[in-house]
Amino acid sequence: MPQKLWREPLDAQKTKLPKAEICIITDLCKGCGFCIEFCPKNVLEQSEQLNKKGKHPPEVTDESSCALCGFCTAICPEFAIFVVEKKGENNVGNEEKE
Amino acid sequence: MKEADLMLKHPLAKYLRQERMPHIWCEGCGNGILLNSFLEGLDELKQNLDRIVVVSGIGCIGRAAGYINVDSFHTTHGRAIPFATGVKLANPNLKVVVISGDGDLFAIGGNHFIHAARRNVDIKVICANNFNYGMTGGQYGPTTPLGSWTTTTPYGNIEHPFNLVHLAAASGAVYVARWTTLQVRRLKNSIKKALQKEGFSLVEVISPCPEIFDRYNKLGTAVDVMKWFKLISQVKHGYDPAKAEVAKNKIIVGEFVDIEKPSYGRLLREMTANVQDKLKGEK
Amino acid sequence: MVDRESSKEEPRIGVYICHCGLNIAGTVDVEEVTRFASTLPNVIISKDNRYTCSDQGQQLIKNDIKENNLNRIVVASCSPRLHEPTFRKACEEAGLNKYLFEMANIREHCSWVHLNDKIEATQKAKDLVKAAVAKVALLEPAIEAEVPITRKTLVIGGGIAGIQAALDLADTGYEVYLVEREASIGGRMAQIDKTFPTMDCSICILAPKMSDVGHHPNITLLTNSEVKEVRGYIGNFKVKVLKKPRYVTDDCSACNECSEVCPVNIPNEFDVGLATRRAIYTPFAQAVPSTYVVDKEVCLNKEGIMACDKCIIACERQAINFDMEPETLELEVGTIIVATGADVYDPSALLNYGYTRYLNVITSLEFERLINAGGPSGGSLIRPSDMKIPESVAFIQCVGSRSEKGNPYCSNVCCMNTIKDSLLIKEHWPRVQIYVFYVDMRTFGKGFEDLYRRAKEKGVIFIRGLPAEVVEERKTRNLWLTGENTLQNKLYKVNVDMVILSVGIQPCQDSEAIQRFFTLSRTNDGFFMEAHPKLRPVDAPTGGVFLAGCAESPKDIKDSVTQASAAAARAGILMAQGKVTVEAITPKPIPENCRVCGLCAQVCPYNAIIVDKENKLVEVIEAACAGCGTCGAECQFGALHMRHFTDDQIMTQIDALTEDDASKKIIAFCCNWCAYAGADFAGVSRIQYPPNVRIIRTMCSGRISSKFIEHALSRGAGAVLVAGCHPGDCHYIGANYQTKKRVERLWKKMERLGVNKSRLQLLWASAAEGERIASKINEMQVTLKGLTTKEVEKAREAFSDN
């Protein structure tokens with residue numbers, strides 16, 4: 001079925017995907033860069049700031065695109081980044097086709 | 001939120017001895033990822049932490065025993081497995097995990113490894129393989145690839161390395177797997193599987209050593225090495241461990257052995273019970 | 001039946017000139033041709049006949065063979081592509097080897113295309129009979145080799161046509177492989193809500209058939225799979241099928257837990273983008289197989305990294321495996337049914353209708369999903385802009401059909417589809433005002449007219465005249481349609497809440513690839529061509545391949561099912577016989593002449609020639625040879641005997657046709673599958689062209705050696721036309737590339753020798769391009785008119801050593 005799908009789906013507003021909160025403990029980061037490189041949604045990039053270790057920790061570019069996959073949490077050797085579900089907000093919205 | 005408080009909010013915070021954090025491993029070191037996967041595995045299995053014992057040897061990865069919030073031993077060079085055997089035999093209710101490095105487990109500790117595997121002692125060995133002796137400055141070891149530069153092979157290594165999964169399988173291990181530090185989820189699953197399986201298990205973890213081995217051999221930054229893992233890893237479950245090689249252009253990963261065999265401890269207890277019954281009966 | 005040892009005897013030829021009612025006799029003076037034929041060398045009997053192909057006609061021939069000891073037969077009638085097998089069978093039944101028979105095409109190539117040139121047509125018929133008699137005298141008897149047929153079928157496409165064909169063949173007892181590109185079978189029919197004219201629920205009647213396919217012991221269902229390579233020939237196809245990984249094993253119980261936790265949410269194709277799905281999903285609720293599938297394109301786990309394992313954790317049956325690899329299966333089948341189905345026309349190109357610009361302009365396929373109870377709106381016909389039920393809707397017919405902007409053909413189903421849709425709307429929301437803007441309402445089938453009447457009775461307004469423009473009203477998002485009501489001769493301007501474009505049907509996107517695999521022909525519109533539009537409507541020109549469903553042309557479900565059962569029956573005939581004979585037109589090596597240069601093996605598209613340079617042996621693998629003849633044309637040493645199309649047999653035809661008035665004639669060499677068939681099509685379509693062309697048939701244009709062309713020119717022929725399939729469409733894979741090279745070399749030679757190059761023309765035409773061939777012949781008249789006697793003589797001399 002090769003048609004271009006251009007519409008916003010009718011149930012786009014109804015689908016509830018959990019919202020993410022990305023927590024970065026900047027002073028623990030040793031700047032290895034794994035989380036930035038391997039995030040499947042590319043929501044992290046290297047910050048201009050320096051932390052206490054003299055490294056550039058990651059910063060979040062687009063928290064709303066985070067899929068809560070948890071890969072950054074799993075791959076960080078320093079336990080310096082983790083992602084949790086944002087509780088309490090109206091969790092509405094959908095991902096856009098990549 | 002203050003950073004110290006944020007550290008405690010990390011989902012795995014309770015598994016770490018917070019007073020000893022942050023750990024001393026280098027930037028991009030695979031040991032941190034191994035630790036992360038191991039703790040994630042414990043968390044998913046919802047293990048009773050009082051039942052877990054971690055035994056480590058000497059090497060960078062040897063420090064892991066100090067960071068994990070369970071009863072743990074940091075033992076002498078090459079002797080993690082004998083210690084672990086002792087722990088398991090003394091208290092069979094404990095799950096004993098050996099976390100050590102390639103040099104510790106297979107050079108000086110080689111003989112202990114093959115016999116523990118042969119006896120099928122119920123311990124789970126997680127080996128961090130960074131292809132050299134990292135802690136002591138980067139000397140060559142039993143897994144150093146042919147031709148690599150190390151401080152004790154400045155003209156290139158002339159020794160062929162072990163194929164660790166082949167060694168473990170041939171020695172009689174019941175569960176053998178290899179993953180790189182990039183395949184964190186599958187590594188975690190293998191660790192979970194090993195924890196739940198009775199018998200001798202080996203999970204080999206191919207790790208970057210960014211400051212020493214990777215730098216000496218011009219493999220690039222830690223991210224470069226991880227990207228290289230991505231490129232050359234091939235998942236081949238059930239592959240013949242003898243053919244599952246680690247080479248410059250290919251790393252075969254996967255679960256290679258998954259069999260059932262009664263463990264040393266079980267057979268010991270059964271035999272003991274039989275003999276005691278016999279003796280009782282004769283009286 | 002005793003085959004007569006007829007090659008060493010003197011030829012005793014019987015010639016039969018057919019009237020074909022008035023089809024031939026109305027233009028050609030058949031009595032004169034009969035008289036003429038009796039004067040030709042070796043002709044013992046020359047008769048004319050009203051309908052030679054009838055029982056009586058055939059009986060006449062058979063009787064004559066027996067009573068007069070005839071050992072060669074010529075029938076001058078229609079195209080050999082139609083009745084050569086019929087007459088060959090008649091010869092066999094009379095005890096004559098079927099290869100001692102030749103036809104002269106005096107209908108499609110003569111009487112039908114020169115309706116107003118009776119004298120010239122008669123002269124042409126005489127020439128064609130002369131050539132046929134000359135060739136038949138040199139024909140040799142042959143025994144056909146037998147090849148076994150594998151009793152297995154491959155059905156490509158899992159829509160209703162593929163499903164029906166698979167079930168019919170599987171129920172007969174044959175093993176069937178059903179290959180479907182998508183993750184589930186069902187095709188278009190699964191997307192439709194109700195079917196006309198009975199208003200049955202589409203998925204309700206489809207799902208049991210899908211389920212049967214899934215459970216049938218004789219059907220191997222390969223979904224998420226594609227055909228990658230096809231080799232072999234009728235009865236012995238070897239097909240490579242790539243089974244793409246689903247990443248979900250058969251342990252899947254379709255519980256949907258995985259989908260619920262998947263973080264990737266995108267528009268889904270089944271609902272035409274009106275609803276969402278996750279990266280791990282099932283195409284629709286009744287999918288067969290019901291196993292879920294992972295869309296690796298959008299899943300977060302790319303390039304071997306498992307970043308997200310939410311579905312794996314959620315799956316209780318542990319059925320998700322991201323390490324699954326694609327599998328290539330090698331299937332051996334005897335017959336193949338192509339049922340690849342249809343796509344719909346994309347109306348975004350029609351800017352005046354505003355599709356994709358205006359939210360409330362939807363296509364008929366989107367309508368089906370909206371009104372479907374299992375669809376994105378639960379069966380409510382809601383406007384995309386405000387999700388309200390419209391108070392008025394308009395259907396615009398023929399969108400992308402019957403027009404120069406879209407496709408020129410009629411898509412068959414849209415009129416009935418709209419009538420059905422309008423009745424559905426009236427059923428649920430009786431007060432909705434419905435307009436249908438049409439060009440013609442085509443309600444030709446059983447029960448169709450009745451449904452049309454019911455729609456009109458319910459108050460649907462039919463207006464003849466498509467809107468010129470659809471314009472949106474900004475605030476309400478309603479649409480203004482302006483156009484002419486051609487029955488009332490008035491302009492209209494109508495305001496509706498929603499517009500539904502009745503989009504046409506197109507061949508599916510894969511049709512080009514499928515065409516190459518099976519060397520099928522496609523019409524200009526892209527649908528697959530059948531072997532004969534009336535008598536062999538489900539056979540593809542390639543032996544052993546059959547067509548069913550919308551792959552062949554747009555049609556509704558009933559016709560797709562009918563055609564599928566027909567294709568299954570046809571495939572069944574072949575497989576029931578268990579063997580098929582190979583036509584005896586393959587070459588035989590002549591070792592004495594062979595220099596073992598290896599050129600023949602090099603140009604063979606089927607690798608059917610093995611050249612052993614060491615032992616100086618050349619072997620032809622008869623079963624793999626398709627009979628194109630390219631090897632024969634390449635051989636400079638006469639070391640291949642091209643059975644049934646020998647050099648001598650072709651030369652004698654050239655001689656016969658250039659005996660009289662050669663300089664006024666075009667000698668045309670046409671390949672059986674495209675050019676000759678195209679000329680037949682011109683005849684069938686009664687396209688008229690000048691009568692001074694004489695066609696010589698070869699199986700492939702690759703057979704046409706330079707020496708044939710040179711010989712024709714040395715005999716004083718005015719011009720020569722070499723015609724074959726379009727490059728890339730050659731029935732013998734790529735043999736026509738050799739033709740091209742040869743003609744180009746010959747052009748250079750003609751230039752060197754001072755002969756006018758335009759006297760040799762090269763034409764690529766398909767079996768559907770009768771017009772194109774007729775145009776070329778018209779074009780070449782200019783060259784002929786300007787031809788001087790001096791030029792003709794010059795060419796005669798230059799090529800005279802041929």
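For clarity, every value in this text was computed on a predicted model and none was experimentally measured. Residue numbering restarts at 1 for every chain, and letters A, B, ... go by the order of the sequence lines.
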Problem - Contacts of A:Glu63 that satisfy salt bridge (charged side-chain N to carboxylate O under 4.0 Å, His left out) - sequence neighbours left out - result: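 Result, salt bridge (charged side-chain N to carboxylate O under 4.0 Å, His left out) vs A:Glu63: A:Lys86.
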With a 4.5 angstrom heavy-atom cut-off, which part of [X] approaches chain B: side chain, backbone, both or neither?
| X | value |
| --- | --- |
| A:Phe38 | side chain |
| A:Ile36 | neither |
| A:Glu37 | side chain |

Heavy-atom proximity to chain A below 4.5 Å, by part of [X]:
| X | answer |
| --- | --- |
| B:Thr181 | backbone |
| B:Lys188 | neither |
| B:Leu39 | side chain |
| B:Leu182 | both |
| B:Leu12 | side chain |

Handout entry: Distance-only polar pair, side chains of B:Ser72 and B:Arg17, donor-acceptor under 3.5 Å
Key =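 Side-chain D/A pair, B:Ser72 to B:Arg17: present.
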Practice task
Check the side chains of B:Asp43 and B:Tyr15 for a donor-acceptor pair under 3.5 angstrom, ignoring hydrogens and angles.
Solution key: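 Indeed, the side chains of B:Tyr15 and B:Asp43 share at least one donor-acceptor pair under 3.5 Å.
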Exercise for the section: Taking the side chain as every heavy atom from C-beta outward, state whether B:Leu202 and B:Tyr175 have any pair of such atoms under 4.5 Å apart. Expected result: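 Sidechains of B:Tyr175 and B:Leu202: no contact.
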Handout entry: Salt-bridge criterion met for B:Glu255 and B:Arg186 (N-O under 4.0 Å)
Key =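 Result for this pair is no, no salt bridge flagged.
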Practice task
Flag the one option from B:Thr221, B:Val184, B:Leu34 with the top tally of heavy-atom pairs under 4.5 Å to chain A.
Solution key: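 Most heavy-atom pairs within the cutoff with chain A belong to B:Val184.
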Exercise for the section: I would like to know whether B:Gln183 and B:Thr180 meet side chain to side chain donor-acceptor pair (under 3.5 Å); could you show each step before the answer? Expected result: CA-CA 6 Å; B:Gln183 288 121 7; B:Thr180 68; 3.0 Å; yes
Handout entry: Nearest-0.5 Å distance that lies between atom NE2 in B:His237 and atom CD1 in B:Ile252
Key =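 With rounding to 0.5 Å, NE2 (B:His237) is 12.0 Å from CD1 (B:Ile252).
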